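Let me begin by presenting the structure, written as C-alpha cells, before commenting on it.
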There are 2 protein chains.
Amino acid sequence: MAEDCMKLHNHDRVVDEVRDQLPEDTDLFDLAEFYKVFGDSTRIKILYVLFESEMCVGGIAQLLSMTMSAISHQLRVLKGARLVKQRREGKTVFYSLADDHVRTIIEMGMEHISE
Amino acid sequence: MAEDCMKLHNHDRVVDEVRDQLPEDTDLFDLAEFYKVFGDSTRIKILYVLFESEMCVGGIAQLLSMTMSAISHQLRVLKGARLVKQRREGKTVFYSLADDHVRTIIEMGMEHISE
DNA sequence: ATAACAGTTGAACAACTATTCAACTGTTGG
DNA sequence: CCAACAGTTGAATAGTTGTTCAACTGTTAT
C-alpha cells in the first residue's frame with residue numbers, strides 16, 4: 001500500500017479548507033508590494049529621519065551622504081505607498097510622514113530583529 | 001546675498017541633531033533585510049497558509065500550485081528570518097509559524113493598504 | 001539492500017531594482 | 001529676462017532576487 005504524504009495526512013481536504021481562508025490573490029500581491037517599500041535601507045533611513053523632523057530633499061541627502069537624485073527617486077516610492085507627503089515652500093520641498101501608522105510598523109520590525 | 005536652502009533653514013544644525021537620533025547603521029540595514037522577507041508574494045502566501053495550519057512542503061506547494069523546490073527555497077528564507085520553524089515526521093517536514101509576532105506585522109500592513 | 005518518496009540544494013537564467021548621470025522643470029532674486 | 005538654486009525625471013548600468021532544473025540527502029517499507 002502506498003503511504004504517500006497525501007494519503008497519510010489527507011492533504012486534499014486540509015488544502016481545500018485552508019484555501020478558502022486565504023485572502024484574494026490581488027490583496028496578497030499588494031501586501032507584498034507594500035512591504036517591498038520597507039525592504040531597502042535607504043528608504044528605511046529616510047523614514048527614520050522623518051520620524052524626527054520634516055525635512056527637504058537636500059537635507060536628507062546631506063544627512064545620508066547621498067545625492068539628491070537618489071533620495072528623490074526613493075521619496076517617490078515612499079509617496080507612492082502613501083507613507084510620506086510633501087509641502088512646497090519656495091524652491092524647497094519639505095517631506096514628512098503621512099501618518100503615524102508607519103511608526104508602528106517599523107517599531108514592530110525593530111522589536112522582532114532585536115530579540 | 002546667497003539664499004541657499006542651507007542658510008535659510010539652518011541645515012547643518014538640524015541635520016546634526018537628527019543624525020544623533022538615528023539608530024545604528026547596521027540596525028537600519030538589518031531592519032530593511034527583515035522587511036525584504038515580506039516583500040515577496042510567495043512568501044506572504046506561505047505565511048498566510050501557516051496562519052491557518054501547520055503544513056508540509058508538498059502541501060504548501062499543492063495549495064499555491066508551485067513546485068516543492070520553489071517553496072523549499074522560500075521556506076529557507078523565512079526560517080532565516082526566524083519567522084517559521086520546522087518539525088520532522090518521517091519523510092515529511094511540517095512548517096509552522098515561529099511566533100504570533102508575524103501575525104501582527106502582517107495585519108498591520110493589511111490595515112494600511114486597505115484604507 | 002533497494003526502491004520510492006519528501007524535501008533540500010546549487011547553478012543558471014530571467015526579471016527586477018537602486019544608484020548614477022545628464023537633462024529637465026519650477027521658483028526666486030537681481 | 002536671466003542666472004542660480006532645489007528638486008525631478010528617464011535612460012543606462014550594476015547588483016540583487018525568484019524560479020527552474022537536475023542532482024542530491026534522508027527516511028521508510030518491502
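From a predicted model like this one, the values you see are computed outputs, not experimental measurements. Numbered from 1 within each chain, the chains take letters A, B, ... in sequence-line order. All heavy atoms count here, side chains included; hydrogens, waters and symmetry mates do not.
Toward the 5′ end of DNA chain C lies the nearest nucleotide of A:Gly39, the other residue of the pair A:Gly39 and A:Glu89 mapping further downstream. Each of B:Arg76 and A:Glu33 has a nearest nucleotide on DNA chain C; the 5'-most of these lies closest to B:Arg76.
Regarding contacts with the backbone of C:dA18, a side-chain N or O of A:Arg43 is found under 4.0 angstrom from either OP1 or OP2. Side-chain N/O atoms of B:Gln74 include none lying less than 4.0 angstrom from OP1 or OP2 on D:dT17. Side-chain nitrogen and oxygen atoms of B:Ser69 include none within less than 4.0 Å of the OP1 or OP2 phosphate oxygen of D:dT19. OP1 or OP2 of C:dT20 sits under 4.0 Å from a side-chain N or O of A:Thr67. Neither OP1 nor OP2 of C:dG7 sits under 4.0 Å from any side-chain N or O of B:Gln86. Of the side-chain N and O atoms in B:Tyr95, none sit less than 4.0 angstrom from OP1 or OP2 of C:dA6. Taking only side-chain nitrogens and oxygens, B:Thr42 comes nearer than 4.0 Å to OP1 or OP2 of D:dT19.
Under a hydrophobic clustering in which Ile, Leu, Val, Met, Phe, Trp and Tyr are joined whenever their side-chain heavy atoms come within less than 4.5 Å, directly or via other members, B:Met108 and A:Leu31 fall into the same cluster. A continuous path of Ile, Leu, Val, Met, Phe, Trp and Tyr side chains, each step under 4.5 Å between heavy atoms, connects B:Val37 with B:Leu97, placing both in one hydrophobic cluster.
Whole-Å rounding puts the A:Lys91 NZ to C:dG29 P distance at 7 Å. Put simply, CZ on A:Phe38 is 14 Å from P on C:dA18, counting in whole angstrom units. The CZ atom of B:Arg88 sits 14 Å away from the P atom of D:dT25 (whole-angstrom rounding). Computed from coordinates, the B:Met55 CE to C:dG7 C1' distance equals 16 Å when rounded to whole Å. The NZ atom of B:Lys36 sits 14 Å away from the C1' atom of D:dG18 (whole-angstrom rounding). Rounded to whole angstrom, the span from the CG atom of B:Asp40 across to the P atom of C:dA15 amounts to 16 Å. The distance from atom CE of B:Met68 to atom P of C:dT8 is 7 Å, rounded to the nearest whole Å. Look at CZ on B:Phe94: it is 16 Å from C1' on D:dG26, rounded to the nearest Å.
Between B:Asp100 and B:Arg103 a salt bridge is recorded (basic side-chain N to carboxylate O distance below 4.0 Å).
Remark: B:Tyr48 pairs with B:Phe51 by the ring-ring contact (aromatic ring centres under 6.0 Å, His included) rule, at least two apart or across chains.
One N or O donor and one acceptor, one from the side chain of B:His73 and one from the base of C:dG10, sit under 3.5 Å apart.
Surrounding CD of A:Glu24 are at most 12 heavy atoms belonging to other residues, nucleotides or ligands under 6.0 Å away.
Between D:dT9, D:dT19, C:dA6, one nucleotide has an atom nearer to the side chain of A:Ser72 than all others, and that is D:dT9.
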